Structures are given as C-alpha cells and as structure tokens.
Amino acid sequence: IVYVLVIAMISLIMKFIIPAVISSIVDFVGNIQSYYNSITIDSIGANWAPWLKDNVLKPIVDFIQTINVQEMFTPDRIKTYIDSAFGAVKSILNIFIALICSIYILAGKEQITQFIHSFAKAVMTENGYNKFVRYFTNGNQIFFRFISSQVIDGFIVAAITCIAMSIIGVKYSLLLGVFIGISNLIPYFGAIVGVGVSIIITLLTGGWKQAIIMAIVVVVLQQIDANIINPRITGSRLQISPLLVIFAVTIGGAYFGVIGMFIAVPIATLIKLMVQDFIEEKKNNP
C-alpha cells in the first residue's frame with residue numbers, strides 16, 4: 001500500500017507540479033531584464049537596483065551568455081552525455097534492485113531484527129547489550145520521527161505558502177512555494193535561504209510593496225509552522241539546543257553536502273544521548 005501511494009504521489013508531482021515549476025523558471029529567466037528595468041523606475045526600487053544587478057542578475061546573465069550551443073555537441077561532450085545516460089540507466093537499475101530488496105527486508109523484518117538481537121546478545125556483555133538495544137531503538141525512533149516529520153512538514157509549508165502567495169497575487173507562487181517547502185527541510189538555514197530568494201524574486205516581479213507584504217506573510221507562516229504545525233507532526237520536540245542544531249547542520253553540510261545537512265540533526269541527537277549516558281555512568285561510578 002505504501003509503495004502504491006508513493007508511486008501515485010510521484011506520478012501526480014511529475015504530471016502537474018514539475019511542468020508548472022519548469023515553466024515558471026523558464027519564464028522568469030526570459031523576462032529577468034524587463035523585471036530589472038521596471039524596478040528601476042520606482043524611486044525606492046531604484047535604490048535596490050544596483051545591488052540586485054551586481055549580485056543577482058549579472059551572475060545569471062553572465063552564466064547564460066557563456067553557454068555555447070556548438071560546444072555542447074563536441075565529441076568529448078557527446079561521450080560525456082553517453083556516459084551520463086549509462087549512469088542514469090545504472091541508477092534506475094539500482095533503484096529497482098533496492099525496491100525489490102526493500103520488499104524482502106520488510107517481509108522478513110521480524111526475523112532480521114531477532115537475528116541482530118540474538119547476535120548482539122551473544123557477543124556483548126549484558127551492559128553492552130542493554131546499551132545497544134537502547135541506542136538502536138532510540139536511533140530508529142529519532143530518525144523516523146525527524147525525517148518523516150520534516151518531509152510531511154515540507155509538503156504542508158509548500159502548500160500553504162503557495163495558497164498565501166496566490167491570494168496576495170505573487171507571480172510564480174507555485175515555484176516559490178515549492179522552493180520554500182524544499183528549503184524548509186534543512187533546519188534554520190533552509191528557511192532563511194528560501195525566504196530570502198523568494199523576497200528577491202518577488203521584489204523583481206511585483207515591486208517592493210508586494211515583496212514586503214510577501215515577506216511578512218511568509219515569516220508569519222514560518223512562525224506558525226515552527227511553533228504549531230511542526231511540533232504536532234513530530235509528536236515531541238527533539239531535545240537538542242538550537243546552537244547544537246546549527247553546529248550539526250554546518251558540519252554535515254561541509255562534509256556531506258545537502259544530504260549531510262538533512263540528516264545532521266538526528267545524528268547529533270543520537271550522539272548527544274550517548275554522551276549524556278556516558279556522563280551519567282561516570283557520575284554513578286566514579
């Protein structure tokens with residue numbers, strides 16, 4: 001049932017959301033110069049124009065101008081494309097194999113879990129086995145609660161942001177809502193980047209007044225999500241300080257990229273649990 005639902009959801013996203021998002025991106029890139037020209041007309045917008053031109057628009061335009069269609073079809077590039085195509089086929093094959101393996105693992109999860117427990121109990125001391133069970137159980141709960149709640153929360157944030165932006169007339173509301181929802185998966189930094197980019201795009205397409213309104217609305221929605229929606233989805237907050245979250249996300253992103261930023265928080269939470277147990281054990285047995 002889960003696999004059928006996931007496939008149905010992916011199919012709906014590929015059919016309705018992805019084409020609309022791509023269309024919005026193409027339209028935005030194609031009209032970026034006209035957006036810049038319109039913002040310079042406004043006296044307040046003109047103050048922002050030089051900064052936007054130098055730091056946002058110029059890098060995008062320079063990148064587009066460096067694209068040479070002829071160079072994209074040289075023999076070396078064609079070989080690279082073929083290798084990429086084989087890589088894509090290999091990835092699809094790996095996904096298919098992983099899907100089949102996951103079905104077998106789900107079907108025999110009780111036997112696999114029982115074997116792991118039996119093996120651990122046979123090679124570990126009683127104290128070590130109890131710690132193993134504790135961390136194994138808590139780690140499973142932490143990862144499942146965090147990752148599933150973040151994904152569900154990202155969908156909710158994307159949906160309510162799209163609706164709110166559509167109501168206030170923001171152009172590319174679907175694109176910006178999806179972008180904010182995806183960026184919201186990364187704690188702290190993701191929300192800042194998503195909202196910041198959305199404000200810049202709204203400033204270009206709708207002027208500074210609409211950008212301010214959009215910023216206020218999105219910040220309010222982010223606060224509602226952080227204080228009401230996300231805690232209810234998660235069930236209970238992970239007992240981890242904001243400083244440790246920022247530190248974990250920074251280290252995870254530096255060494256493992258976006259995936260590292262995403263899974264850094266549950267890993268840091270599990271490590272914190274181990275350190276706390278170690279400290280308590282040393283206190284009780286000096």
Side-chain angles (χ1 to χ4, degrees), residues 1-13 90-157 181-182 184-187 190 229-241 244-245 247-249 251-253 255-285:
I1 292 173
V2 171
Y3 285 131
V4 170
L5 291 175
V6 169
I7 293 173
M9 182 180 66
I10 293 175
S11 301
L12 290 174
I13 291 174
K90 183 179 178 181
S91 298
I92 294 173
L93 181 60
N94 289 337
I95 292 173
F96 177 75
I97 294 174
L99 179 64
I100 299 301
C101 290
S102 68
I103 294 174
Y104 278 101
I105 291 172
L106 288 174
K109 63 180 180 179
E110 288 82 7
Q111 292 86 347
I112 294 173
T113 304
Q114 183 62 40
F115 172 79
I116 293 174
H117 279 274
S118 300
F119 181 78
K121 198 169 185 177
V123 299
M124 294 179 180
T125 62
E126 183 178 356
N127 184 41
Y129 173 74
N130 292 333
K131 288 183 178 180
F132 169 78
V133 172
R134 171 174 166 77
Y135 298 140
F136 191 86
T137 304
N138 280 277
N140 178 59
Q141 292 175 350
I142 289 170
F143 271 85
F144 177 79
R145 183 168 64 244
F146 177 79
I147 295 177
S148 61
S149 65
Q150 289 298 103
V151 172
I152 296 172
D153 183 65
F155 276 106
I156 294 175
V157 169
I182 294 175
N184 206 62
L185 297 176
I186 301 174
I229 299 175
N230 194 286
R232 286 184 176 274
I233 294 174
T234 305
S236 62
R237 292 178 181 273
L238 297 176
Q239 299 299 318
I240 184 170
S241 69
L244 186 55
V245 171
F247 180 76
V249 171
I251 298 299
Y255 287 97
F256 302 103
V258 177
I259 299 298
M261 297 177 73
F262 183 62
I263 65 173
V265 175
I267 291 176
T269 304
L270 187 59
I271 293 174
K272 179 191 173 187
L273 177 64
M274 294 179 179
V275 173
Q276 286 177 333
D277 286 350
F278 175 76
I279 295 172
E280 288 298 321
E281 185 175 341
K282 288 299 181 182
K283 283 183 180 180
N284 298 328
N285 301 291

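Given the structure is predicted, the values throughout are model-derived calculations rather than measurements.
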Task: More than 12 heavy atoms from other groups under 6.0 Å of CD1 on Ile259 - done: no
Open item on the list: For a 4.5 angstrom cut-off between non-hydrogen side-chain atoms, does Met124 reach Asn130?
Closed with: no
Task: pair Asn138-Gln141: side-chain heavy atoms closer than 4.5 Å - done: yes
Open item on the list: Just verifying a value: how many Å separate Ser102 OG and Ile97 CD1, rounded to the nearest 0.5 Å?
Closed with: 12.0 Å
- [ ] Indicate yes or no: at least one non-hydrogen side-chain atom of Glu280 is less than 4.5 angstrom from one of Gln276.
- [x] no
Open item on the list: Nearest 0.5 Å, please: how far is CD1 in Ile142 from CG in Leu273?
Closed with: 6.0 Å
Would you give me the side-chain donor-acceptor pairs under 3.5 Å for residues 103-116, sequence neighbours excluded?
residue	atom	partner	partner atom	Å
Thr113	OG1	Lys109	O	2.8
Gln114	NE2	Ser118	OG	3.4

- [ ] First locate atom CG of Asn184, then atom CZ of Phe155, and finally report the distance between them rounded to the nearest 0.5 Å.
- [x] 13.0 Å
Task: Spatial distance of atom CE (Met274) from atom CZ (Arg134) [nearest 0.5 Å] - done: 10.0 Å
Open item on the list: With salt bridge (charged side-chain N to carboxylate O under 4.0 Å, His left out) as the rule and sequence neighbours excluded, what pairs involving residues 113-132 come up?
Closed with: Lys131-Glu281
Open item on the list: If we check side chain to side chain contact (heavy atoms under 4.5 Å, CB included) with Val133, which of these qualifies: Phe136, Tyr129, Tyr135?
Closed with: Tyr129
- [ ] Hey, can you tell me if Phe262 and Phe146 have their rings parallel, tilted or perpendicular (30° and 60° cut-offs)?
- [x] tilted
Task: ring pair (Phe, Tyr, Trp, His ring centres under 6.0 Å) partners of Tyr3, counting only residues at least two apart - done: none
Open item on the list: Please find the pair of heavy atoms, one from Ala264 and one from Gly252, that lie closest to each other, and give the distance.
Closed with: CB-CA, 4.3 Å
Open item on the list: If I take atom CD1 from residue Ile267 and atom CD1 from residue Ile263, how far apart are they, to the nearest 0.5 angstrom?
Closed with: 4.0 Å
Open item on the list: So, taking the atom named CG in Leu5 and the one named CD1 in Ile10, what distance separates them when rounded to the nearest 0.5 Å?
Closed with: 11.0 Å
